[in-house]
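Heads up: the structure comes next, in structure tokens.
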Amino acid sequence: MFLGMGLDSVVRVATDELGKMKPEVLEARIQEDLKMGHLPAMVMATAGTTVLGAYDLLEALADVCDRYGVWLHCDACWGGGALLSDKHRHLMAAVHRTHSLAWNFHKMSGAPIQSSAFLVNEKGLMEECNQFKAEYLFQPDKCYDTSYDIGDKTVQCGRKVDSLKLWLLWKAVGDAGMAAVVDNCFQNAQYLAEKMKQTDGFRLVIPEFECANVCFWYIPESLRGQEETPDWWQKISKVGPAIKERMVREGSMMMGYTPLTCKGHVNFFRIILANAKSDRTDMDFVVSEIERLGKDL
Ligand SMILES: *Cc1c(COP(=O)(O)O)cnc(C)c1O
């Protein structure tokens with residue numbers, strides 16, 4: 001939209017049940033476009049999708065993109081934190097083959113909001129694209145190496161030093177500390193999911209998920225043990241908003257719910273474990289509080 005290409009130029013590629021883009025479908029869509037005389041320019045992969053937390057298969061997508069000379073961008077805004085952890089880095093295998101990557105360090109990686117990085121694989125590209133060499137602003141003949149000046153490399157001129165807090169954080173806690181923050185998010189998610197599997201009334205949308213998104217339905221007692229007809233699901237779709245209203249009024253919790261129409265899912269709760277300070281007692285509270293708020297529905 002911002003580049004003026006228009007949404008009609010965006011092609012949706014089917015995903016599997018976990019939410020990962022299907023590489024073979026991507027290739028077929030590229031071939032179709034080429035046949036129609038269109039120019040496939042860029043593939044938008046995601047590492048940690050917003051709702052389901054799916055990690056696209058970067059290796060397979062990179063193979064397709066290489067075959068057709070298409071730019072591969074990776075939206076790792078949410079899931080990029082995995083790169084900091086020895087345990088979870090495999091989720092982003094082949095990330096070095098992407099051409100660009102967006103990563104919000106204020107999400108899973110523990111930095112205060114906002115601290116977002118846009119990384120490009122090709123050195124000097126930002127200058128080539130954005131540099132205007134306005135002589136009244138950016139002088140090249142200074143007493144230091146001006147290649148470090150970022151003023152002429154981005155579309156913004158005035159800006160905050162968003163990288164400083166990341167630098168300070170990383171300096172303070174080290175690689176191990178950064179990994180611990182990320183591992184804690186993943187661990188909390190797994191703990192919460194396990195607990196929900198063992199608690200009546202909770203049903204995970206994706207029982208074996210990869211990221212730190214816990215998506216689930218809560219089924220109140222009055223709706224348990226019934227045939228799951230479209231009418232039943234209609235009733236379930238109203239449970240999320242009802243419980244959410246109660247938690248907001250009480251001020252006890254805050255979490256989002258969403259439908260996922262493309263997968264045929266009605267409203268479900270979606271908890272994103274991104275807080276470095278959350279622990280198991282918080283996860284226990286989530287379960288007991290939802291039970292308390294939804295008991296009489
Ligand atoms: C949060 C998020 C974004 C948006 O990031 P902003 O820096 O807030 O614009 C983009 N993509 C994904 C997958 C996200 O989770």
Side-chain angles (χ1 to χ4, degrees), residues 1-5 7 10-22 26 42-58 61-62 71-85 88-89 91-95 98-120 126 130 150 153-156 158-167 169 181-182 184-186 188-189 205-206 209-216 254-263 265 268-276 278:
M1 281 195 308
F2 285 120
L3 290 175
M5 293 175 181
L7 289 179
V10 177
V11 176
R12 287 171 183 240
V13 179
T15 56
D16 66 14
E17 65 285 354
L18 296 178
K20 294 173 191 280
M21 196 190 300
K22 292 178 176 171
L26 171 67
M42 179 177 82
V43 169
M44 280 279 300
T46 311
T49 56
T50 305
V51 176
L52 297 179
Y55 280 88
D56 277 334
L57 303 162
L58 298 177
L61 299 182
W71 185 275
L72 179 58
H73 174 73
C74 181
D75 174 352
C77 284
W78 162 228
L83 291 172
L84 298 167
S85 157
H88 302 291
R89 189 171 303 127
L91 292 167
M92 291 180 65
V95 66
T98 63
H99 299 98
S100 57
L101 178 125
W103 182 353
N104 288 356
F105 288 91
H106 59 251
K107 285 188 174 171
M108 201 192 293
S109 315
I113 198 165
Q114 74 185 42
S115 178
S116 307
F118 176 63
L119 308 174
V120 282
M126 296 301 281
N130 298 313
I150 56 172
K153 294 179 186 173
T154 70
V155 287
Q156 277 173 290
R159 90 208 67 186
K160 296 204 290 182
V161 195
D162 285 333
S163 56
L164 180 64
K165 48 199 155 199
L166 172 63
W167 186 87
L169 169 67
V181 165
V182 172
N184 183 54
C185 294
F186 278 86
N188 280 334
V205 177
I206 295 181
F209 56 85
E210 293 178 321
C211 196
N213 309 33
V214 184
C215 298
F216 64 94
M254 188 68 156
M255 72 179 68
Y257 62 83
T258 177
L260 199 58
T261 327
C262 61
K263 299 275 179 249
H265 296 325
F268 53 84
F269 279 117
R270 161 185 169 266
I271 299 190
I272 301 298
L273 282 312
N275 188 335
S278 294

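We count ligands from 1, going down the list as the structure has it; atoms in each ligand are counted the same way.
Here the heavy atom of the protein found nearest to atom 11 (N) of ligand 1 is D75 OD2, 2.6 Å. Taking atom 8 (O) of ligand 1 as the reference point, the nearest protein heavy-atom neighbour is N104 ND2, 4.0 Å. Annotation: atom 2 (C) of ligand 1 to nearest protein heavy atom, K107 NZ, 2.4 Å.
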Exercise. Going through the checks in order, is the side-chain contact (heavy atoms from CB on, under 4.5 Å) test met by V10 and M44?
Worked result: CA-CA 10 Å; V10 177; M44 280 279 300; over 6 Å; no
Problem set entry | Evaluation steps, side-chain contact (heavy atoms from CB on, under 4.5 Å), between F209 and C215 | CA-CA 9 Å; F209 56 85; C215 298; over 6 Å; no
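S85 places a side-chain N or O within 3.5 Å of a backbone atom of H88 that can act as its donor or acceptor partner.
Remark: ligand 1 atoms within the under-4.0 Å shell around heavy atoms of T50 are 12 (C), 13 (C), 14 (C), 15 (O). Atoms of ligand 1 found under 4.0 Å from any heavy atom of W78, numbered from 1 in the order shown, are 15 (O). Near C77, meaning under 4.0 Å from any of its heavy atoms, are these atoms of ligand 1: 2 (C), 3 (C), 5 (O), 10 (C), 11 (N), 12 (C), 14 (C).
Looking at M92 and L101, their side chains come closer than 4.5 Å, going by heavy atoms from C-beta outward.
Residue contact annotation: G48 has a non-hydrogen atom under 4.0 Å from ligand 1.
Every residue two or more places apart in sequence or in another chain was checked for a ring-ring contact (aromatic ring centres under 6.0 Å, His included) with H73, and none qualifies.
Evaluated for a side chain to side chain donor-acceptor pair (under 3.5 Å) with W103, the options S116, S109, S115 yield exactly one hit, S109.
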